[in-house]
K.L.:
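Please read through the structure below; I'll follow up with questions.
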Number of protein chains: 2
Amino acid sequence: MPTTTALSQAQELCDTLTDDADELIREIITRLTDKWSLWVMHVLATTDRPMRFSRVMEQVEGISQKSLTKTLRQLERDGLVTRKMFAEVPPRVEYAITPIALEMFEHVEPLWLWVAKSVTLFQSAREAFDGRGK
Amino acid sequence: MPTTTALSQAQELCDTLTDDADELIREIITRLTDKWSLWVMHVLATTDRPMRFSRVMEQVEGISQKSLTKTLRQLERDGLVTRKMFAEVPPRVEYAITPIALEMFEHVEPLWLWVAKSVTLFQSAREAFDGRGK
DNA sequence: CAGTATCCAGATCGATACTG
DNA sequence: CAGTATCGATCTGGATACTG
């Protein structure tokens, strides 16, 4: 196959990866589409300073405590946010975005922007399909 | 807020979107991370000619008939693959990738490549986290 | 061949209640 | 304040059997 398409690059890199790495890549990419991760990161990124659990919860409208905890743990585990606990009463915990997360954002945005720009195309595709009586 | 970060572009575009469009964008992006969609598209893209249902099923190792049907229907609905039925016995149905899907790939790949290149970073983040006894 | 129909297991996520 | 524990509804996807 000629190496003219964007597919070929991925193809080559893909072959060098272990199964573990492959699964981790999937999980990282999945963070971009599960219900809250991107929103939580966005809040932390735009605020751009450490935020308490309850502040994040206010900004991410509709999230439950349980889901916020889980989301933050996942993001922390993957190095996308940091968690700092203070030995105070009442307890204070601060979350912050990491450089690697910001770098990831730089690569997510072009894709997201393209989809957003192309949204009318997708809308008419759906109308055509649904209109065919499926 | 200054418009110096990549975040600001998305911010502006986001404000112009209807809720419907917003949801559709989410769904399109979600296709990138559900279990089979990207793999199915990849098979159709690299083969680069119409493929029968059973050929796709062979190439996408481990997928069930039900999941393949569902995946193809979703992709068809969003205009990412085409479906052509032939009035023959036994029935023949051919699927093909669309230009818009190929265009989407061009925007997905940079992100995917970045994650793949950064995978060792994510791996050590996890080791550090898991090693802390969480 | 290319599905559809049915059943089922596991994961996700919200609501609620409780705790150091 | 920042969680954990528990329950239940919903969704996803696999296995299997059946059909035009």
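The sequence lines fix the lettering, A, B, ..., with proteins before strands; numbering per chain opens at 1. Predicted model only: the values in this text are computed from it and were never measured.
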K.L.:
Treat a base pair as Watson-Crick or G-U wobble with both distances under 3.5 Å, then lay out DNA chain C in dot-bracket form, 5' to 3', with | for cross-strand pairs.
P.N.:
||||||||||||||||||||
K.L.:
Under the rule for side-chain hydrogen bond (donor to acceptor under 3.5 Å, both in side chains), what residues qualify as partners of E58(A), not counting sequence neighbours?
P.N.:
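Listed in chain order: R55(A).
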K.L.:
Mind checking what makes side chain to side chain contact (heavy atoms under 4.5 Å, CB included) contact with Q65(B), not counting sequence neighbours?
P.N.:
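Residues passing side chain to side chain contact (heavy atoms under 4.5 Å, CB included) with Q65(B): F53(B), M57(B).
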K.L.:
Apply the side-chain contact (heavy atoms from CB on, under 4.5 Å) test between K70(B) and each candidate in Q74(B), K66(B), R73(B); give the one that qualifies.
P.N.:
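For K70(B), the side-chain contact (heavy atoms from CB on, under 4.5 Å) test succeeds with only one of Q74(B), K66(B), R73(B), which is Q74(B).
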K.L.:
Write down the distance between CZ (F86(A)) and P (dG3(D)), rounded to a whole number of angstrom.
P.N.:
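Distance, rounded to whole Å: 12 Å.
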K.L.:
Which pairs pass ring-ring contact (aromatic ring centres under 6.0 Å, His included) with one or both residues in residues 17-37 of chain A, sequence neighbours excluded?
P.N.:
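Output for this query lists W36(A)-W39(A).
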K.L.:
In whole angstrom, what separates E88(B)'s CD from dG3(C)'s P?
P.N.:
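Computing the E88(B):CD to dG3(C):P distance gives 14 Å.
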K.L.:
Measuring from atom CZ of R77(B) to atom CG of D130(A), what distance do you get when rounded to the nearest 0.5 angstrom?
P.N.:
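Separation between the atoms: 4.5 Å.
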K.L.:
Applying side-chain hydrogen bond (donor to acceptor under 3.5 Å, both in side chains), name anything that partners S37(B), two or more places apart in sequence or on another chain.
P.N.:
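Only D34(B) meet the side-chain hydrogen bond (donor to acceptor under 3.5 Å, both in side chains) criterion with S37(B).
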K.L.:
Just to be sure I understand the geometry, which residues of residues 49-57 of chain B put a non-hydrogen atom under 4.0 Å away from DNA chain D?
P.N.:
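Per residue number, the list is empty: none.
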K.L.:
What's the shortest heavy-atom distance between L102(A) and A45(A), and which atoms?
P.N.:
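Where L102(A) meets A45(A) most closely, the heavy atoms are CD2-CB, 3.9 Å.
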K.L.:
Side-chain N or O of R73(A) less than 4.0 angstrom from OP1 or OP2 on dG3(D)?
P.N.:
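Checking R73(A) against dG3(D): at least one side-chain N or O falls below 4.0 Å of OP1 or OP2.
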K.L.:
Atom CD of Q65(B) to atom P of dA17(D): distance rounded to whole Å?
P.N.:
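To the nearest whole Å, that distance equals 13 Å.
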K.L.:
Show every salt bridge (Lys or Arg N to Asp or Glu O under 4.0 Å) that has at least one partner inside residues 111-127 of chain A, sequence neighbours left out.
P.N.:
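Only R126(A)-E27(B), R126(A)-D78(B) qualify under salt bridge (Lys or Arg N to Asp or Glu O under 4.0 Å).
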K.L.:
Looking at Y95(A), does any N or O in its side chain come under 4.0 Å of the phosphate oxygens OP1/OP2 on dC1(D)?
P.N.:
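No, Y95(A) has no side-chain N/O under 4.0 Å of OP1/OP2 on dC1(D).
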K.L.:
Could I get the full list of side-chain hydrogen bond (donor to acceptor under 3.5 Å, both in side chains) partners for E88(A), not counting sequence neighbours?
P.N.:
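Partners of E88(A) under the side-chain hydrogen bond (donor to acceptor under 3.5 Å, both in side chains) test: R92(A).
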K.L.:
Tell me the interatomic distance from E76(B), atom CD, to dG3(C), atom C1', rounded to whole angstroms.
P.N.:
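Going from CD in E76(B) over to C1' in dG3(C) covers 13 Å.
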K.L.:
Once you round to the nearest 0.5 Å, how far does CG of D19(A) lie from CG of L24(A)?
P.N.:
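So the CG of D19(A) and the CG of L24(A) are separated by 12.5 Å.
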K.L.:
Scan nucleotides 12-14 of chain C against the protein and return all N/O pairs shorter than 3.5 Å with their distances rounded to 0.1 Å.
P.N.:
{"from": "dC13(C)", "atom 1": "N4", "to": "K66(A)", "atom 2": "NZ", "distance (Å)": "3.2"}
{"from": "dG14(C)", "atom 1": "OP1", "to": "K35(A)", "atom 2": "NZ", "distance (Å)": "3.4"}
{"from": "dG14(C)", "atom 1": "OP1", "to": "W36(A)", "atom 2": "NE1", "distance (Å)": "3.3"}
{"from": "dG14(C)", "atom 1": "OP2", "to": "S64(A)", "atom 2": "OG", "distance (Å)": "3.4"}
{"from": "dG14(C)", "atom 1": "OP2", "to": "S67(A)", "atom 2": "OG", "distance (Å)": "2.4"}
{"from": "dG14(C)", "atom 1": "O6", "to": "K66(A)", "atom 2": "NZ", "distance (Å)": "2.2"}

K.L.:
With a 4.0 Å heavy-atom cut-off, tell me which residues in residues 20-33 of chain B come close to DNA chain C, sorted by residue number.
P.N.:
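When residues 20-33 of chain B is checked for heavy atoms under 4.0 Å from DNA chain C, there are no hits whatsoever.
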K.L.:
Any chance you could measure L72(A), atom CG, to E76(A), atom CD, to the nearest 0.5 Å?
P.N.:
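It is 8.5 Å, given to the nearest 0.5 Å.
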K.L.:
With sequence neighbours left out, what residues match A128(A) under side chain to side chain contact (heavy atoms under 4.5 Å, CB included)?
P.N.:
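Checked A128(A) against side chain to side chain contact (heavy atoms under 4.5 Å, CB included); zero matches.
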K.L.:
Would you kindly give the CG-to-C1' distance between L68(B) and dG13(D), to the nearest whole Å?
P.N.:
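These atoms are roughly 13 Å apart.
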K.L.:
Under 4.0 Å: is that the gap between some side-chain N or O of R83(B) and OP1 or OP2 of dG3(C)?
P.N.:
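Answer yes for this pair, as a side-chain N or O of R83(B) is under 4.0 Å from OP1 or OP2.
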K.L.:
Report the residues that fulfil side-chain hydrogen bond (donor to acceptor under 3.5 Å, both in side chains) with T33(A), sequence neighbours left out, ordered by chain and then residue number.
P.N.:
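T33(A) satisfies side-chain hydrogen bond (donor to acceptor under 3.5 Å, both in side chains) with T33(B) only.
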